[in-house]
Structure formats: structure tokens, C-alpha cells
Amino acid sequence: MSINGLATSRRTPSRIEGALLLGVVALAMVVSCIVARDRMTWAMETVWVMLALPWLAIDRRLAPTRLLAWLLALHALVLIEGGAYTYAQAPLGEWLREVLHTQRNPWDRLGHVMQGVVPAILAREVLLRGTPLRPGGWLTYLCIAAALSFSAFFELIEWWSALALGADADAFLATQGDVWDTQWDMFCCLCGAIVSLTLFSRLHDRQMGFRVGIAPS
């Protein structure tokens, strides 16, 4: 059987592997809620996890490839860390600041790199599964565009939050005094998407059922 010419033998996580990933993310959510410094910021930062976790757990038809499943779990943990402690004060970010000798806590930057890495592969999987598109230049372009559009939408959410909440939104914005924070966020997303597609496209093709370098007829 095939869907739009794509063999249905995708490599998805086993039930045990999928349950482990969902369990780790769910446990992290519970712990982060307990230790959250600001519950409103926590909710705003982790709402994407709250929406995706039950959806993926209930509907097996949405089962992603192993690559995407692990990337989604990793992205969720980055969001949860930022939500629990705020991005400006994330403990892992403080550790990175010491290692990288940066002036600011870089967890926000890492979050926006992940905002390119993961949505680019997510868009790639959705397009390969649901459209006639196949690996190539147009697919790569559309995946980068999708990641950037999501990042731009997130920046709009931050703007709307600032208008609605005023100073109460500072922890959510996590600008840390950088007037170019929005531009840096978009640039980090762009870099993440390009690196992700460069590193993972061939692996993703194999897990999607393509023979590497040979598009199906």
C-alpha cells in the first residue's frame, strides 16, 4: 500500500519507546508545574506541550517517525525548562553561560534554535505524508519557510502578550534588555532550520520509507 506514492513502512517508535518519551515529558511537565516560579509564564511557555502531548498519546495515526518523536520530546523539555524557571533564569542556561562565556542566559537562544530544528522536520514529515511533494529543493524551501512562519507567529504572540499584560509579560518575553531580541530569535530559528535539514534529511528520508537519493515514482 502507498499514500501519494509513499510506502507506508515508516519507522515509528515502538510502543515502549513512545511510552517512554511521553512519560518523560509528562513527568517533566508535572515537576515543572510544581517548581514553577511564575505559573502564568509557565502556562504560556508550555501550552504547546499541553496541546501536543495528549494528541500524540491518543491518536496512533499521528505517530511520527523515530527522528521526529525524539526531536519533539527534546523540544518539549527545552520549553518546560524555560517555563519552569523563565528563560532568563533557566539553570541549564546559567550553566551554558559559564561554559560559553556569554553575557546573557542563552536558554532563550537555544529555544529559538530548536524552534527552527524541530518545526522544519515536522513540516517535512507533514508535507511528505500529505502532499505529492518529494525530497528536493522545493521541499527544503517550504520547510524553512514553515519554521520561520511559526517563529514569526510566536513573536506576534509575544507582542500581543506585552500589549495585554504590560510589565507582567517581561518573564515571558525574556528579552534580557536586548533591543534586537526579536531579530536574534528569527535568525536563530533560521539557522536551526537550515542545520536541521542539512543534518537530518537523509536519515528522515530513510525513516519515511524513501531510498536515499532515489525519489519514488
Side-chain angles (χ1 to χ4, degrees), residues 10-96 105-126 128-129 143 146-147 149-151 153-154 157-158 161 171-174 185 188-189 192-193 195-197 199-200 203-204 207-208:
R10 288 182 299 109
R11 291 188 60 190
T12 60
S14 66
R15 288 189 177 273
I16 294 177
E17 185 179 8
L20 176 63
L21 291 174
L22 288 170
V24 167
V25 173
L27 178 61
M29 280 289 289
V30 172
V31 173
S32 70
C33 181
I34 294 172
V35 305
R37 295 181 178 178
D38 183 332
R39 289 293 171 80
M40 182 179 69
T41 299
W42 174 83
M44 293 171 72
E45 295 289 5
T46 61
V47 64
W48 309 105
V49 183
M50 296 183 211
L51 293 174
L53 198 61
W55 191 21
L56 290 171
I58 294 171
D59 195 342
R60 288 291 298 174
R61 293 173 301 176
L62 298 173
T65 56
R66 293 188 70 202
L67 171 65
L68 181 57
W70 281 89
L71 288 177
L72 286 170
L74 182 60
H75 194 186
L77 293 176
V78 171
L79 292 174
I80 291 169
E81 168 85 1
Y85 300 101
T86 76
Y87 280 92
Q89 302 177 57
L92 289 176
E94 289 299 321
W95 174 77
L96 282 175
N105 188 312
W107 200 251
D108 178 54
R109 300 285 189 244
L110 176 62
H112 283 90
V113 169
M114 293 299 294
Q115 201 177 74
V117 169
V118 182
I121 298 299
L122 174 60
R124 195 175 194 274
E125 190 149 321
V126 169
L128 285 174
R129 290 176 65 176
C143 292
S149 66
F150 178 77
S151 182
F153 178 63
F154 193 83
I157 292 176
E158 289 188 345
S161 300
F172 177 59
L173 297 177
D185 290 349
C188 287
C189 172
V195 170
S196 178
L197 293 170
L199 292 179
F200 298 134
L203 173 61
H204 194 227
Q207 294 191 3
M208 287 294 290

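Because the structure is predicted, anything quoted here is derived from the model rather than measured.
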Exercise. Is the backbone of A147 close enough, under 3.5 Å, to the side chain of Q115 for a donor and an acceptor to pair up by distance?
Worked result: no
Seminar exercise, completed: All heavy atoms of G111 vs all of V78, minimum pair found to be CA-CG1, 3.9 Å
Exercise. For residues W107 and Q89, is any side-chain donor paired with an opposing acceptor at under 3.5 Å?
Worked result: no
Problem set entry | Whether S196 side chain and A193 backbone form a donor-acceptor pair below 3.5 Å | no
Problem set entry | E45 side chain to I80 backbone, donor-acceptor under 3.5 Å | no
Exercise. Under 3.5 Å, is there a donor-acceptor pair between the side chain of R11 and the main chain of M208?
Worked result: no
Exercise. Would you call the rings of F153 and W48 parallel, tilted or perpendicular, where under 30° means parallel and over 60° means perpendicular?
Worked result: perpendicular
Exercise. Which pair of non-hydrogen atoms, one from A84 and one from W42, has the smallest distance, and what is that distance?
Worked result: N-CD1, 3.9 Å
Exercise. For E17, does its backbone N or O pair with a side-chain atom of S14 as donor and acceptor, under 3.5 Å?
Worked result: yes
Exercise. Are R66 and T12 side-chain neighbours, meaning at least one heavy-atom pair lies under 4.5 Å?
Worked result: no
Exercise. Are a donor atom and an acceptor atom from the side chains of S32 and E81 found within less than 3.5 Å of each other?
Worked result: no
Seminar exercise, completed: Rounding to 0.5 Å, atoms CG (L128) and CD (Q207) come to a distance of 12.5 Å
Exercise. Does the side-chain contact (heavy atoms from CB on, under 4.5 Å) test come out yes or no for N105 and W95, once each step is laid out?
Worked result: CA-CA 9 Å; N105 188 312; W95 174 77; over 6 Å; no
For this session: With rounding to the nearest 0.5 Å, note down the distance linking CG in L199 to NE2 in H204.
Result: 14.0 Å
Exercise. Nearest heavy-atom pair of E125 and P64: which atoms, and what distance?
Worked result: OE2-CA, 3.2 Å
Exercise. Got a second to check how far C143's SG is from I121's CD1, nearest 0.5 Å?
Worked result: 7.0 Å
Exercise. Would you say V25 and L21 make side-chain contact, with heavy atoms under 4.5 Å?
Worked result: no
Exercise. Take atom CG in L51; do more than 12 heavy atoms of anything else shown fall under 6.0 Å from it?
Worked result: yes
Problem set entry | Residue pair F154, H112: steps toward the side-chain contact (heavy atoms from CB on, under 4.5 Å) verdict | CA-CA 10 Å; F154 193 83; H112 283 90; 4.3 Å; yes
Seminar exercise, completed: One should read off an interatomic distance between L27 CG and L22 CG, to the nearest 0.5 angstrom, of 12.5 Å
Problem set entry | Inter-residue atom distance L122.CG - F150.CZ, 0.5 Å rounding | 9.0 Å
Exercise. Does the pair D185 and D108 meet the rule for a side-chain contact (heavy atoms from CB on, under 4.5 Å), with working shown?
Worked result: CA-CA 8 Å; D185 290 349; D108 178 54; 3.5 Å; yes
For this session: Output, in order, the C-alpha distance, side-chain angles, deciding distance and verdict of side-chain contact (heavy atoms from CB on, under 4.5 Å) for V118 and L74.
Result: CA-CA 9 Å; V118 182; L74 182 60; over 6 Å; no
For this session: Give, for atom CE of M29 and atom CD1 of I34, the distance between the pair rounded to the nearest 0.5 Å.
Result: 11.5 Å
Exercise. What is the minimum heavy-atom distance between G93 and P106, and which atoms define it?
Worked result: O-CD, 3.1 Å
